[in-house]
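From a predicted model like this one, the values you see are computed outputs, not experimental measurements. Note that ligands are numbered from 1 as they come in the structure, with each ligand's atoms numbered from 1 the same way.
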Amino acid sequence: MTGRADGPTLAILPVKGFGRAKSRLREAVPDGPRAGLAEAMVSDVLRALGAVSGLAGVIVVTGEPLAAGLARLAGAEVVHDAAEAGQSAAAQLGIARAIERGAERVLLVPGDCPALDPGEVGDLLAATAAVVVVPDRHGTGTNALLLRPPRAIAPSFGPGSRARHEAAAAAAGVAWQVCELPSLGLDADTPDDLAALRASGRLGESTEATLGRLGVP
Ligand SMILES: Nc1nc2c(ncn2[C@@H]2O[C@H](COP(=O)(O)OP(=O)(O)OP(=O)(O)O)[C@@H](O)[C@H]2O)c(=O)[nH]1
Ligand SMILES: C=C(OP(=O)(O)O)C(=O)O
């Protein structure tokens, strides 16, 4: 089964509370500034998604008031996440809302990919497989998941998620593919990831400015 790329596609962006975000970056960025960095990254992701012509809209799933404010300013819908039960659970909240809105396809993206390039996302949206996995730079994680229909497989984010998503698609008997995108392969989980993001020269303006203000090398 392939998912035709002709029905509306909604992007779903789960965002954890900024005070608890990016704990793996604690060695490089202290608590307070780390919340500001998480906010800056979400701001860049929202800006990039807003420039993607093939998206019918964006749904931000969050319990973080600052993220909700950024979302509304960007014209995105906000789905409240009271439980903060993880990225996959949050994605499922977004998928349910997207289905209510008539989406035939969803693009699950994280809020920590501040190099996100609208052109690359546009290329991704041309894919017609029911499940498209965009791996992280390590090749084992999932930085984006394109699902047609929205429940083609259940999101299972976390370490080793690429293999789980591929296996789930195979088990569901749906067409799937892996699409490596330079800008989406770069998520900021660890200090090394942050260094790779800065070396890419593709950081979004808010994240770059925040890192500069924080004096993060
Ligand atoms: N709404 C919501 N978003 C989440 C939740 N957990 C993770 N996310 C988001 O999912 C995306 C990827 O999550 P991670 O890379 O694990 O981010 P993180 O949890 O801040 O990072 P660590 O604390 O280092 O694990 C980011 O946009 C997070 O904000 C959650 O419980 N609820
Ligand atoms: C969310 C994932 O991992 P991380 O939390 O390391 O970004 C993933 O790769 O599915």
Side-chain angles (χ1 to χ4, degrees), residues 11-31 33-46 48-49 58-71 74 76-98 106-116 131-147 153-169 178-181 184-194 196-197 204 206-207:
I12 296 170
L13 171 56
V15 178
K16 181 197 265 188
F18 291 144
R20 293 178 51 240
K22 303 285 81 185
S23 60
R24 285 169 280 177
L25 286 178
R26 68 169 65 87
E27 291 168 26
V29 187
D31 287 355
R34 197 162 70 244
L37 178 61
E39 181 181 359
M41 291 196 285
V42 168
S43 180
D44 285 329
V45 170
L46 282 168
L49 290 175
V58 180
I59 295 171
V60 174
V61 183
T62 190
E64 170 58 62
L66 292 174
L70 289 174
E77 178 179 4
V78 177
V79 170
H80 184 64
D81 177 9
E84 286 215 340
Q87 182 180 0
S88 300
Q92 289 284 20
L93 292 174
I95 288 168
R97 180 61 187 137
V106 293
L107 173 64
L108 308 183
V109 293
D112 60 352
C113 287
L116 189 65
V131 176
V132 183
V133 180
V134 178
D136 65 3
R137 70 187 183 103
H138 307 289
T140 57
T142 304
N143 277 356
L145 203 51
L146 190 59
L147 304 175
I153 61 169
S156 178
F157 291 106
S161 66
R162 171 183 174 172
R164 286 196 301 277
H165 289 140
E166 293 174 353
V178 176
C179 182
E180 297 189 358
L181 295 179
L184 250 175
L186 293 166
D187 62 332
D189 287 326
T190 65
D192 284 348
D193 292 333
L194 208 49
L197 267 164
S206 299
T207 305

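Among all protein heavy atoms, the one lying closest to atom 9 (C) of ligand 1 is P14 O, 3.4 Å. The shortest contact between atom 6 (N) of ligand 1 and any protein heavy atom is with Q87 N, 3.5 Å. Looking only at heavy atoms of the protein, atom 20 (O) of ligand 1 is closest to K22 N, 2.7 Å. The protein heavy-atom contact nearest to atom 1 (C) of ligand 2 is Q87 OE1, 2.9 Å. The protein atom (non-hydrogen) at minimum distance from atom 32 (N) of ligand 1 is D81 OD2, 2.8 Å.
Annotation: D189 places an N or O atom under 3.5 Å from an N or O atom of ligand 2; distance criterion only. At least one N or O atom of T142, backbone or side chain, sits closer than 3.5 Å to an N or O atom of ligand 2. Considering backbone and side-chain N/O atoms, D187 comes within less than 3.5 Å of an N/O atom of ligand 2. On a distance-only criterion, S23 and ligand 1 share at least one N/O pair closer than 3.5 Å. For a threshold of 3.5 Å applied to N or O pairs, the pair formed by P110 and ligand 1 contains no separation below that value. Residue G158 places at least one N or O, backbone or side chain, under 3.5 Å from an N or O of ligand 2. Residue G111 has at least one N or O atom closer than 3.5 Å to an N or O atom of ligand 1.
Residue-ligand proximity, A21 to ligand 1, at heavy-atom distances under 4.0 Å covers atoms 20 (O). Close approach of ligand 1 to V61 (heavy-atom distance below 4.0 Å) involves ligand atoms 1 (N). Against a heavy-atom cut-off of under 4.0 Å, G141 is close to the following atoms of ligand 2: 9 (O). For ligand 1, the atoms closer than 4.0 angstrom to any heavy atom of D189 are 15 (O). With ligand atoms numbered from 1 in the order given, ligand 1 contributes 1 (N), 2 (C), 3 (N), 29 (O) to contacts under 4.0 Å with heavy atoms of V15.
Residue contacts with ligand 1, taken as heavy atom pairs separated by less than 4.0 Å, involve A85 solely via the backbone atoms N, CA, C and O. Only side-chain heavy atoms of A90 come within less than 4.0 Å of ligand 1; its backbone N, CA, C and O stay farther off.
For R164 (side chain) and S156 (main-chain N/O), a donor-acceptor pair under 3.5 Å exists by modelled atom type. Side-chain atoms of R162 never come within 3.5 Å of backbone atoms of V133 as a donor-acceptor pair (strictly under, hydrogens ignored). With hydrogens and angles disregarded, no donor-acceptor distance shorter than 3.5 Å links the side chain of K22 to the backbone of R34. For T62 (side chain) and E64 (main-chain N/O), a donor-acceptor pair under 3.5 Å exists by modelled atom type.
L37 is listed as a side-chain neighbour of T207, based on a closest heavy-atom distance under 4.5 Å. Within the 4.5 Å cutoff, the side chain of D189 has heavy atoms near those of the D112 side chain. Side-chain atoms of E39 and L70, non-hydrogen and from C-beta on, do get closer than 4.5 Å to each other. Annotation: side chain of V61 is in contact with side chain of I12 (closest heavy-atom distance under 4.5 Å). By the 4.5 Å heavy-atom criterion applied to side chains, Q87 and P155 are not counted as neighbours. Residues D44 and L116 fail the side-chain proximity criterion, which asks for heavy atoms closer than 4.5 Å. Side-chain contact check for L25 versus P191: some heavy-atom pair is nearer than 4.5 Å. At least one side-chain heavy atom of L46 sits under 4.5 Å from a side-chain heavy atom of V60.
Counting only non-hydrogen atoms, the option in K16, R24, E84 that gets closest to atom 24 (O) of ligand 1 is R24. Remark: among candidates S161, A188, A91, the nearest residue to atom 8 (C) of ligand 2 is S161, based on non-hydrogen atoms. The closest non-hydrogen atom to atom 5 (C) of ligand 1, taken over G86, A89, A82, G158, comes from G86.
How far CG of L186 is from CG of D136: 9.5 Å, rounded to the nearest 0.5 Å.
Heavy-atom separations between R24 and ligand 2 include at least one value shorter than 4.0 Å.
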